[in-house]
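Only this structure's heavy atoms are used, side chains among them; waters, hydrogens and symmetry mates stay out. In this text, all values refer to a predicted model and were calculated from it rather than measured experimentally. Each ligand, and each atom within it, is numbered from 1 in the order the structure gives.
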Amino acid sequence: MHIGNLKIENPIFLAPMAGVTDHPFRVLCREFGAGVVYTEFVSAEGIVRGSDRTLDMVYFTDDERPIGIQIFGHDPLAVGESARTLYEKVKPDIIDINFGCPVPKIVKRGAGSGALKDLCLMDEIVSSVVSAVPDIPVTVKMRSGVDHNSIVSTDAARRLETLGIKAITLHPRTVKQQYTGYADWRLIREMKEAVSIPVIGNGDITCGADAKKMLEETGCDGIMLGRAALGNPWIFTEVLNYLDGKPTPRPTLEDRLRLCRRHHEMLKSVHREIHAVNMTKKHFAWYLKGFPGASEWRVKFMRTKSTEEIGVLLDSLMTAFKVEDL
Ligand SMILES: Cc1cc2nc3c(=O)[nH]c(=O)nc-3n(C[C@H](O)[C@H](O)[C@H](O)COP(=O)(O)O)c2cc1C
């Protein structure tokens with residue numbers, strides 16, 4: 001699969017997820033087989049202002065490539081400028097524009113899924129970004145529309161293709177739906193039939209069988225996984241194997257605990273202490289499930305206040321289950 005001039009090893013994408021898809025998590029997902037990873041969405045205005053916090057959010061290393069940085073904003077000039085700045089500073093492989101975020105504060109200003117209400121604004125933002133970074137592909141990730149009475153994904157896709165967008169990811173829920181109900185995969189099929197650029201299907205894939213079903217039912221070129229990867233970066237191996245007709249053993253408790261250790265060490269090495277603690281707690285709450293006493297251990301981790309305390313508690317957890325660090 002190609003996105004513009006970029007060759008993609010396999011068409012299984014890690015979804016951008018705010019507060020989740022930071023550098024350590026993306027590295028792990030790439031190792032487990034994700035073909036492309038994305039940063040969480042970052043504010044175009046934050047980039048243009050040179051905010052250190054925003055720039056920290058897009059920190060990546062070469063082993064993550066191909067990597068897309070996702071940006072959002074309502075002002076076409078600022079969004080274009082942010083793309084140029086990112087390209088000059090960190091050279092991502094893809095710039096992705098977010099037209100899917102349903103957070104009211106962002107939508108109200110016309111950013112994120114706010115642009116689904118005003119396709120002319122969407123056109124302006126896209127044109128500004130495409131001309132700002134002529135050397136790399138620009139992609140879009142979007143929802144289907146504001147509500148069931150105003151589905152715009154297929155119309156928007158035709159316009160986006162004409163404006164030079166090189167691939168579109170569709171999460172076919174409306175803004176109003178947030179995360180309720182189901183993603184309407186029929187809209188992915190409709191989009192795929194309407195444009196020639198790659199369409200990446202997203203929404204409600206939880207296992208290899210779902211992935212195959214989406215590819216078959218919609219004809220999409222790639223699939224993107226979000227929530228299924230939380231506490232489970234192994235999902236990428238599972239999907240790749242399933243599509244290849246091969247089984248994948250479920251990760252054992254040993255695998256999980258060893259990955260907890262590694263993930264925690266990675267978080268410590270890139271984030272400030274308090275951020276590393278909070279991110280570790282978040283990921284451990286997803287990893288530590290499905291074994292005797294898991295909920296008690298999760299509560300203990302939730303009460304920790306430092307990376308040191310987390311390390312000591314993880315030692316006791318590993319000892320309790322006779323798991324050794326490799
Ligand atoms: C915690 C969380 C954060 C998210 N942050 C973003 C984001 O920054 N940008 C974006 O385009 N979508 C974001 N999403 C939406 C996902 O990328 C994806 O479209 C959605 O979860 C549906 O896919 P899934 O069913 O595979 O989870 C987020 C979703 C979750 C659960």
Side-chain angles (χ1 to χ4, degrees), residues 11-23 25-26 29 34-44 46-47 54 57-58 60 67-73 79 82 92 94-107 111-116 122 125 138-145 153 156 160 165 167-175 177-185 187-188 191 199-215 218 220 222-233 235-236 238-239 278-279 281-283 285-286:
I12 320 296
F13 292 60
L14 169 67
M17 285 184 282
V20 179
T21 54
D22 61 353
H23 163 65
F25 190 64
R26 293 189 309 258
C29 290
V36 181
V37 294
Y38 283 92
T39 66
E40 62 187 292
F41 70 162
V42 290
S43 147
I47 297 290
T54 313
M57 286 159 80
V58 300
F60 69 88
I67 179 166
I69 294 184
Q70 192 188 58
I71 52 179
F72 75 94
V79 187
S82 73
I94 298 170
I95 291 285
D96 185 71
I97 312 173
N98 177 309
F99 292 132
C101 173
V103 173
K105 196 173 82 183
I106 291 178
V107 176
S113 62
L116 301 175
M122 182 186 271
I125 293 173
V138 179
T139 60
V140 155
K141 178 167 178 287
M142 63 188 300
R143 285 190 176 235
S144 51
S153 42
L160 293 171
I165 286 298
I168 304 172
T169 302
L170 178 61
H171 174 205
R173 277 192 173 84
T174 63
V175 180
Q177 263 185 297
Q178 301 262 348
Y179 286 93
T180 62
Y182 295 100
D184 184 354
W185 291 3
L187 292 170
I188 300 175
M191 182 184 281
V199 171
I200 299 140
N202 168 238
D204 302 344
I205 297 176
T206 60
C207 60
D210 289 345
K212 185 156 188 262
K213 190 160 176 257
M214 182 186 273
L215 286 163
T218 71
C220 63
I223 53 168
M224 181 179 273
L225 308 180
R227 289 164 295 173
L230 303 178
N232 186 22
I235 185 76
F236 293 98
E238 183 200 325
V239 167
N278 291 335
M279 288 296 280
K281 288 183 187 179
K282 189 186 288 191
H283 285 281
W286 289 317

Quick check: do [X] and [Y] have side-chain heavy atoms less than 4.5 Å from each other?
X	Y	value
Y38	D96	yes
I200	K141	no
V20	H283	yes
R227	L230	yes
F99	S113	no
T21	V37	no

- Would one find more than 12 heavy atoms of other residues, nucleotides or ligands at under 6.0 Å from atom NZ of K281? yes
- Message: Please determine whether side-chain contact (heavy atoms from CB on, under 4.5 Å) holds for the pair D22 and M57, giving the CA-CA distance in whole Å, both sets of side-chain angles, and the decisive distance to 0.1 Å.
- Response: CA-CA 7 Å; D22 61 353; M57 286 159 80; over 6 Å; no
- Task: Determine, for R173 against D204, whether the closest basic-nitrogen to carboxylate-oxygen distance falls under 4.0 angstrom.
- Result: yes
Going by the order shown, which atoms of ligand 1 are within less than 4.0 Å of some heavy atom of [X]?
X	value
G203	23 (O), 25 (O)
A15	17 (O)
D204	24 (P), 25 (O)
N98	9 (N), 10 (C), 11 (O)
Y179	14 (N), 15 (C), 20 (C), 21 (O), 28 (C), 29 (C), 30 (C)
M17	2 (C), 3 (C), 4 (C), 5 (N), 6 (C), 28 (C), 29 (C), 30 (C)
K141	10 (C), 11 (O), 12 (N), 15 (C), 16 (C), 17 (O), 18 (C), 19 (O)

Any N or O on [X] sitting closer than 3.5 Å to an N or O of ligand 1?
X	answer
V20	no
F41	yes
R227	yes
R173	no

Give me the nearest non-hydrogen protein atom to [atom] as residue plus atom name, then the distance to 0.1 Å.
atom	result
atom 9 (N) of ligand 1	Q70 OE1, 2.8 Å
atom 3 (C) of ligand 1	A18 N, 3.2 Å
atom 13 (C) of ligand 1	P16 O, 3.0 Å
atom 26 (O) of ligand 1	G226 N, 2.9 Å
atom 19 (O) of ligand 1	N202 OD1, 2.6 Å

- Query: Hey, is G100 one of the residues with a heavy atom under 4.0 angstrom from ligand 1?
  - Reply: no
- Query: Can a cation-pi geometry be assigned to R143 and Y179, taking NZ or CZ under 6.0 Å from the six-membered ring centre and within 45° of the ring axis?
  - Reply: yes
- Message: I need the minimum non-hydrogen distance between P172 and S144, along with the two atoms involved.
- Response: C-OG, 3.8 Å
